[in-house]
Structures are given as structure tokens and as C-alpha cells.
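Taking it in order: structure first as C-alpha cells, then the write-up.
None of the values given here were measured: they were computed from a predicted structure.
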Amino acid sequence: MQGSVKTAGRVLLTGALAALAGCGGGDIPEVESTYVRLQEIRHYSVNTSGVQTQLWRQHFSYLDKSTPDKMVYYNGKGADAAWNTADDSVAYYVACAYSGKAATAPLDLESEIANGLDYVYSNYGADMTGLDRASLARSCAVNYNGQGALVMKVYKDPGADAKWQSADDVQLLGVNWQQPGTAGDSSVAVSAPGIAGSGTATTAHYYYSASGGAVRYLVRQTYYKRYEFDTANRPTRISSYTYIGVPTAPWGGTQASHVRQEYTDYEYGPADLVKCRRDLMGNPVEAVRDAFVDGLLNERQYFDAGLDGTPCTGDDAVTAVEKFVFEKI
């Protein structure tokens, strides 16, 4: 298996990562989805003996070939004590609705939505218990097909009839992403009708050089992300910076006064992608490996720091796995 080797029950991170002086992270390479689409993501914990235990799954349904309709998040086996069956227990689900066409494709839609969710996770954390943030952010962003607006409605309670996806389901959140008419600007408005007194918060983002180029920026007030790409238009490094002031166009790029908070580098192999995230001091924090089969993301592996206590080195071992299930249409 490219990039890893199993030794004494531990799947170790080697191969592409071992050659890195500094590691990084990034996005899934773009995949042609005309005839296949993502059906499920299944998450497993992995113990020191390499035994995998399923913890949850996300199931995606679609309005057409590539436009998501709903994402249902299951967190239990149900009465039959078997995963991936009809009676798995629902934790929450997200309904997706789109409109318009984007003038410029989002640089990182999942990241934008995650940033917009800062409002509720920071101020109403107890109400967000049980909603995995990364899974929530990507609920409608997977296979996003170019619309200029996205509305997500998050339901966490089946209502009085105790039946999910029925008329009396209780909505917890509303997430509204849109490009307001310019070539690159966008905003994420998050409301929380299911959280008393929460109101609405809007996060503005500004795209610069979003249509192409070796370096592009996703900017909001006080911080931004810098994206570096190779000649195949694949990200090689994503860095997060803070700065003082208000963003203006044209964006002047990274300045000496800006402070890099963290960065992630991508290292590509023939059938995998190794990502290592580092903190503001350049110290490795986390390693993630994506493995591809026939050009489709098959498995995402999350690693610990290994026996040497340092992430992104050859002795790191897998602690969690996400498995991606596609369907032909």
C-alpha cells in the first residue's frame, strides 16, 4: 500500500511522507463524477492492533446526477446491532437547496461553511453536541456543482411523531452561502431557530486570484488563507495568516506584518496524497493520508504521533479511518 506499511499491528506512515522535510495538507483532487457519485462516508476508530470499529456514517441522496438533496448522519447500529442497515439510528440530517450559478467556483466551500459555523460552535457549544463539525460543513459541499447559492437546513429532532424526515422535524440551524453578484465575494449567514435567543451571524469572505494562478487567496477580515498550486492545479500548500486592517481589492498578497498561524503541505504519490499540518512554529501537528482507487477517494487515514511523539514521521500509526463509498448512476 503506497505510503504505509503494517508492522506489529500498527499501520505506519512511510513512503511519500518519509521523504518530506516538512509536511502539509489540502483538498481532495478533483474527480470526474459524471457516472459515479459519493454515496456514503463511514468512520472507524482503529486500535493499536489495527482492529477497526465503525462509529458513524454519512449517507448522501441526490436531486439529480450531482446535486445533493440530503445528508443523513447515523451514529448507532439500531436494533439489529449491525451497521449500514435500514434501522441505523439517526443523529441529525441536513437538507440541501441550491439556486443560481456561480461566476467563480469556490476555492474551498467546506472551509467557508466551517468558518461560518464558528458563531454557533463558539457561543452555543452545548446545543451543538453530537454534530460533528467537519461532517456538517461538508454535508452539501460534496459534489457541489457550480450553483451561486446554497441553503442548508439542519434538523436534530424528529418531532412529536418520533419519525425522521417528516413534516414536524425540528430545525436547529440554517446555513446560507451565497455569492452576492461579484466575481468572487461570498458570505455565510448562520441562523439558529432551534437555539433560543441566538439570532443570525454573517461571515464575509473575499476571493482574490480565485480563477487561476499559482497562488490564490480566500480572505476575510483579520485573517486569510493562502493557496499554492502546482502546474496540474493541485494544492501544494495551504497557509492561514492573521493581519490587521480591512481587506481591499486588489489584495496585496502576503506581507511582512502578516502572521502565519499554521500551514499544511500536500505530497502526491501515484495513488495517494499525504498531508501534514504544522503550527505557527513549523512543528508538525497532524498527518492525514488519502488513498485513491481508479481516481476516486477510497480511504482517508488519520495518524497519531507514533512512538517518537512527533507527527509526520515514519512511525506514525493509524488511529481513525474514513471509507468512501461511491455508486454508479
Side-chain angles (χ1 to χ4, degrees), residues 27-28 30-43 56-76 78 83-102 105-106 108-114 116-117 120 128 130-159 161-179 186-194 296-297 300 322-329:
D27 298 334
I28 301 170
E30 186 175 353
V31 174
E32 174 59 45
S33 58
T34 302
Y35 300 106
V36 296
R37 64 189 179 191
L38 181 63
Q39 182 185 62
E40 289 201 347
I41 304 175
R42 300 171 181 174
H43 185 91
W56 52 257
R57 68 183 176 105
Q58 290 176 270
H59 182 83
F60 299 87
S61 60
Y62 295 83
L63 293 170
D64 52 39
K65 281 189 175 181
S66 60
T67 305
D69 175 35
K70 290 186 179 70
M71 185 287 295
V72 183
Y73 185 101
Y74 297 91
N75 66 347
W83 270 108
N84 313 318
T85 58
D87 76 336
D88 289 356
S89 60
V90 177
Y92 65 90
Y93 73 91
V94 182
C96 315
Y98 304 85
S99 63
K101 281 292 180 180
D108 188 349
L109 182 58
E110 291 182 38
S111 176
E112 284 193 59
I113 294 173
L117 291 169
V120 287
M128 304 305 293
L131 280 80
D132 179 79
R133 182 171 178 161
S135 298
L136 184 58
R138 69 187 177 189
S139 296
C140 300
V142 174
N143 286 357
Y144 180 80
N145 64 354
Q147 285 91 345
L150 161 63
V151 175
M152 297 167 51
K153 293 183 178 180
V154 183
Y155 297 88
K156 199 184 178 184
D157 191 305
D161 66 2
K163 296 181 180 179
W164 284 102
Q165 302 184 60
S166 60
D168 72 339
D169 291 354
V170 179
Q171 183 181 343
L172 179 70
L173 296 180
V175 181
N176 187 351
W177 175 90
Q178 59 181 333
Q179 292 189 2
S186 67
S187 64
V188 181
V190 177
S191 59
L296 297 173
L297 178 60
R300 175 166 292 161
E322 288 179 347
K323 297 184 179 182
F324 294 75
V325 180
F326 291 84
E327 60 180 346
K328 293 183 179 181
I329 55 174

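- The side-chain hydrogen bond (donor to acceptor under 3.5 Å, both in side chains) search around Thr85 returns Asp80, Asp87, Asp88, not counting sequence neighbours.
- Partners of Asp132 under the salt bridge (Lys or Arg N to Asp or Glu O under 4.0 Å) rule, at least two apart in sequence or in another chain, do not exist in this structure.
- In this structure, Ser139 and Val94 approach most closely via the heavy-atom pair OG-CG2, 3.6 Å.
- Side chain of Ser166 to backbone of Lys163: a donor-acceptor contact under 3.5 angstrom is found.
- Counting only heavy atoms from C-beta outward, the side chains of Tyr92 and Val154 approach each other to under 4.5 Å.
- Residue Lys153 places its NZ atom among 12 or fewer non-hydrogen atoms of other residues, nucleotides or ligands, all under 6.0 Å distant.
- The two residues Arg37 and Asp64 have their closest heavy-atom pair at NH1-O, 2.8 Å.
- Ser186 is not listed as a side-chain neighbour of Val188, based on a closest heavy-atom distance of 4.5 Å or more.
- When all heavy atoms of Pro68 and Cys140 are compared, the pair lying nearest together is CG-O, 4.0 Å.
- For Glu322, the salt bridge (Lys or Arg N to Asp or Glu O under 4.0 Å) partners two or more places apart in sequence, or in a different chain, are Arg138.
- Looking at Val90 and Gln165, their side chains never come closer than 4.5 Å, going by heavy atoms from C-beta outward.
- Of all non-hydrogen atoms in Met152 and Leu136, the two that sit nearest each other are CE-O, 3.4 Å.
- Side chains of Thr67 and Asp69: a donor-acceptor N/O pair is absent below 3.5 angstrom, by distance only.
- Contact check for Arg57 versus Val325: no side-chain heavy atoms found under the 4.5 Å cut-off.
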